[in-house]
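What follows is one structure encoded as structure tokens, with my remarks underneath.
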Amino acid sequence: MSAPRVVVVGSSNTDMVIKSKNLPRVGETVIGGEFFMAAGGKGANQAVAASRAGAHTTFVARLGDDMFGRKALENFQKEAINTDFLVIDREAPSGIALIFIDAQGENIISVAPGANARLSPEDVERAEEAISRADVTLMELEIALETVERAVEMASAAAGKVILNPAPGRKLPSSLLARIDFLTPNETEAALLTELTVDSNKAAERAGEKLRGLGVGAVIITRGRKGALIVADSVTHIPAKKVKAVDTVGAGDAFNGALAVAIAEGRELKEAVEFAAAAGALACTRYGAQPSMPSRKEIDEIMRT
Ligand code: RIB
């Protein structure tokens, strides 16, 4: 069987990370941290996750013409990702994320998007052939909304499925939501999209139903350690795998990349979300976003336990 085809349209960042006992509060200096740098960016993380989980993966993105962009490109090639539709931007720097992680693995992130903000609808149009042949096209919101809209429009006109991970959270037009087969907000993003409080499975169900009322095919609300809730024709709770989390950065991206692969393979939604949840849990057990994306072998193994 040939590998399923996934196209990811999105951002690429270099993550500058400091881990320390506590996260700094406004006006506070926290000393005693440890620094590391890792490849990141929601789109790039999802592309690496999809490739490691077994898909033929194409990544559509913009990188700066600098050492961070060059390193990222080299990385994607090592990960066997198709880089034919990556644009090198001569005017804007590569995206950078500053990240703080505490001893519980919780984080705060601030992103300077640089070239990511300049990924244009025309850049996406150049990847039309890949999108039209994709089993799944996956997007997030770390790029301009008009670019996401164009990618969704193209992907929904093709035969494949459309997954939108609405992160970072923002309000979205219903014309966009109506074209999405699978929407994957976390609790905060679901609350932002629906103006409802989302803090329990029941509340997540209400938010999911509201989004389905706007035309979304299925809503999968990720709830961290509390698992994920699928709101489709029926409602199903998928418990989270129990792991020792050291760093949750990129866990959502691992979930989405793996979900794209499982859907592209034609799995039932429940099984696809179980596969995605296993990938998300594994990503929490290691430091760094892209370095922590699990292999297919690891996901299959944890699925058996
Ligand atoms: O989802 C995690 C990612 O968000 C990090 O890698 C960081 O780059 C930010 O984009």
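For ligands, and for the atoms within them, numbers begin at 1 and follow the listed sequence.
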Show the atoms of ligand 1 that are less than 4.0 angstrom away from any heavy atom in [X].
X      : answer
Ala97  : 7 (C), 8 (O)
Ala289 : 6 (O)
Gly40  : 6 (O), 8 (O)

In the protein, which heavy atom is nearest to [atom], and how far is it?
atom                    : result
atom 2 (C) of ligand 1  : Asp253 OD2, 3.3 Å
atom 8 (O) of ligand 1  : Asp15 OD1, 2.6 Å
atom 4 (O) of ligand 1  : Lys42 NZ, 3.2 Å
atom 3 (C) of ligand 1  : Asn45 ND2, 3.7 Å
atom 10 (O) of ligand 1 : Glu142 OE2, 2.4 Å

- Task: Evaluate the side chain to side chain contact (heavy atoms under 4.5 Å, CB included) criterion for residues Phe100 and Ile109: first the C-alpha distance (whole Å), next the side-chain angles of each, then the deciding distance (0.1 Å), finally the verdict.
- Result: CA-CA 7 Å; Phe100 296 92; Ile109 304 181; over 6 Å; no

- Query: Salt bridge check: are Asp300 and Arg296 linked by an N-O gap of less than 4.0 Å?
  - Reply: yes

So, [X] and [Y]: side-chain donor and acceptor under 3.5 Å apart, yes or no?
X      : Y      : result
Asp253 : Gln46  : yes
Thr248 : Asn107 : yes
Thr58  : Asn82  : yes
Thr184 : Asn165 : yes

- Query: Between Phe76 and Phe59, does the ring centre distance come in under 6.0 Å?
  - Reply: yes

- Item | Close approach, Gly41 and ligand 1, non-hydrogen under 4.0 angstrom | yes

